Amino acid sequence: MFFDRKDFSDQILLDLYRTLLFPRMVEEKMLVLLRQGRISKWFSGIGQEAISAGVVSALAPDEWIMPLHRNLGIFTGRQMPLNKLFLQWQGSEEGYSNGRERSFHFGSREHHICGMISHLGPQLALADGVALAYKLRHENKCAVAFSGEGGTSEGDFHEALNLAAVWDLPVIFVIENNGYGLSTPAIEQFRCNRLADKGIGYGMESVQIDGNNILDVYDTIRGVREYCIREQKPYLVECMTFRMRGHEEASGTKYIPAELFEEWSKKDPVSCYETWLADNGLLFEEKIKEIRYEFRTIIESAIAVTENPIIPDTEKELRDMYAEIPRHDVITESHSPDPETAPSKRFIEGIREGLWQSMEEQDNLILMGQDIAAYGGAFKITEGFLEKFGKERVRNTPLCESAIVGASLGLALEGYKSVMEMQFADFATVGFNQIVNNLAKIHYRWGQSASTVIRMPTGGGVGAGPFHSQSNEAWFTNVPGLKVVYPSTPADAKGLLNAAILDTNPVLYFEHKVLYRSISGPVPEHYYITEIGKANLVRNGTDISIITYGAGVHWATALADQNPEISFHILDLRSLLPLDYEAIRESVQKTGKVILLHEDTLTGGIGGEISAWIGEHCFELLDAPVMRCASLDTAIPFNLQLEKNFMANARLWETVEKLLAY
Ligand SMILES: Cc1ncc(C[n+]2csc(CCOP(=O)(O)OP(=O)(O)O)c2C)c(N)n1
């Protein structure tokens, strides 16, 4: 292997050796521990260490890295204490994730490392978000994200690279091409000659290098980093390497031809570099022994302190799913505002005003979404925002929901808040993984908050068919770590949006499209919040309780207006996650007869969950079975008559009659 020392000092060359050798020795120890059954799983990076060591050495210590499962060298290269790493790998409470995460699936703010979730691909867009934060602050920094060659087949790879290119973000995308996915060879993974060639398609500079040559990696990344910062552009680096062990230790290597191991063992990154240093008089045998002894001692003493079993604390487990909301002195409007003092506005204006005032209040708030800038968004909610707040904060995005949700998390890592407009709630499906796995779980996993809001224009009634009208809120109420809010009045539309933006957790904000321009009501002009998790008593009554939200609130009040002889008790939940159980209990107590009404389909809708809770906790308060009134268990149809028939509202009166007659 040819090493070109360029202008590197002896000290740099020796430091690189140490950064390269240490993870190799840690790994060798891990393999022993694995055989002894002291750790459960290990993804080996033996043979690939030069990539992590070169990358981490070329970056500033406060530049974020998004490593994967074979990048031990990133963690050790950032000087993370080895004993804490061992504790992490053994699932100890004293590791980096309170025993909640395995192997490399954790991060550390202190070390500017955001570890992966299991899914390959989504971490790439986080680097975009971080790089956007650097760019907005005009900092001389760039972010780095890793992918294996297998991971490049994921849609997330495409979205992240395209977004970085379009937004001119200083990100280095590093592909570690070790020839195999789990067992799948590169020939069954892609058809381009070199993965570096993909850069051309994104309008991005790229290079293919020898990933086993520490000096090549270090020098390339150093230069590429300078380029990314100077030019404010991303760069793709393909590092050719080989994995000398199985995908993970239990999976073996039978599927890899033996000749490949022979060939690549001659290119071992550690021994080749060691030999070169020795040949050039920079290392000698005694020194090598001394360094290895030093490392062995560190490693042995780090493992010695690892045997504390976790005593589960359920309260703590539940609490840690969410980040604490910081104290603030914003006015909380908990009830419907006074129509005498607050001007009447349409629902859409409530949303718009909340967004506008939040943008004024918080200059670290970024808006992102398709067509939201000059065009003002599909529903014109952000019309005029570009002119007022500028194109850095009001950002049109390419069509890449997953990358934008990922970027919002990257922004959060760097202290920015963002509101993403999902053009229609239906399209959350293509950002689903980022929402339910990355945003939702990160705080529980390693204490990082994901302070983002996703606006979800939702619901039917406009004849828009199965993919522009769905009620998909229940997909998310099943995911701990998320908050789900769903206003029904203009005042709550504003207050809940402001609260969502102030919250430190990921909040899905559902806004019903039919309500946008059909509903008006008093909206206080000042900046205020409506507390998340608090329901609103719309009507106090004694015969039947209707517990509902969104459009359901208006169906219920219309029905109550038409039937004044029945005393309806109507509760607007406003928040679906968390639910206001106290208000639900009070509603049950008031009438003993409960209808759970929602536009969402019946099976698996939130009504089922609330019904179960009432059955468990309020059984003695009931005078009749809890009834659910929901939309049909079908896709939502296009034809208006079919759609009307689909809607829960079509069966509301018959449900009331049934319950009254019980
Ligand atoms: C989205 C997703 N699909 C499948 C897997 C299972 N899986 C884990 S690692 C792996 C192979 C990855 O290959 P590559 O990206 O080349 O990285 P390498 O493991 O070779 O470093 C697979 C299929 C996963 N983690 N995520």
Side-chain angles (χ1 to χ4, degrees), residues 23-24 27 30 40-55 65-75 101-106 114-127 144-161 173-192 194-196 198 208 211-212 217 236-257 260-261 264 269 401-403 405-406 429-438 441 445:
R24 165 69 58 93
E27 273 231 40
M30 292 309 286
S40 62
K41 226 175 173 56
W42 188 253
F43 295 89
S44 175
I46 288 185
Q48 304 187 192
E49 297 96 334
I51 303 169
S52 294
V55 168
I65 305 179
M66 317 293 155
L68 294 179
H69 47 293
R70 295 190 206 289
N71 296 120
L72 169 64
I74 295 294
F75 295 79
E101 263 294 16
R102 63 185 222 183
S103 56
F104 292 99
H105 299 182
F106 65 95
C114 178
M116 66 190 296
I117 61 170
S118 289
H119 299 61
L120 300 166
Q123 297 307 102
L124 294 157
L126 269 59
V144 172
F146 282 86
S147 174
E149 87 290 340
T152 66
S153 304
E154 293 283 348
D156 274 318
F157 177 84
H158 163 71
E159 288 196 15
L161 267 70
F173 295 102
V174 177
I175 301 171
E176 294 186 271
N177 186 348
N178 62 15
Y180 286 83
L182 195 156
S183 73
T184 307
I187 189 67
E188 293 176 38
Q189 199 73 247
F190 50 83
R191 273 290 176 274
C192 52
R194 309 175 325 147
L195 285 166
K198 293 203 175 204
Q208 186 187 64
N212 280 24
V217 178
L236 177 62
V237 181
E238 180 185 11
C239 300
M240 303 309 290
T241 186
F242 190 70
R243 194 184 69 203
M244 293 301 286
R245 304 195 64 85
H247 166 64
E248 50 114 1
E249 283 310 305
S251 63
T253 55
K254 269 199 197 131
Y255 50 87
I256 300 175
L260 279 181
F261 285 104
W264 281 91
E401 287 75 5
S402 183
V405 181
T429 44
V430 276
F432 196 71
N433 186 38
Q434 293 282 25
I435 298 171
V436 304
N437 284 322
N438 239 338
K441 297 178 176 50
R445 292 168 59 233

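What you see is a predicted model, and the numbers here were worked out from it, not measured in a lab. All ligand and atom numbering here is 1-based and tracks the order in the structure.
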Regarding Asn71 and Glu176, is there a side-chain donor-to-acceptor distance under 3.5 Å anywhere?
yes
So, Arg70 side chain and Glu49 main chain: donor-acceptor pair closer than 3.5 Å or not?
no
Looking only at side-chain N and O atoms, does Ser153 offer a donor or acceptor that is under 3.5 Å from a partner on Gln189?
yes
Please find out if less than 6.0 Å separates the ring center of Phe43 from that of Phe104.
no
Not counting sequence neighbours, which residues clear side-chain hydrogen bond (donor to acceptor under 3.5 Å, both in side chains) with Ser44? List them please.
Glu27
Quick one, list the residues around ligand 1 where some non-hydrogen atom comes in under 4.0 Å, by chain and residue number.
His69, Arg70, Ser118, His119, Leu120, Gly148, Glu149, Gly150, Gly151, Glu154, Asn178, Tyr180, Gly181, Leu182, Arg243, His247
Assess, by modelled atom type and distance only, whether the side chains of Asp156 and Gln123 contain a donor and an acceptor separated by less than 3.5 Å.
no
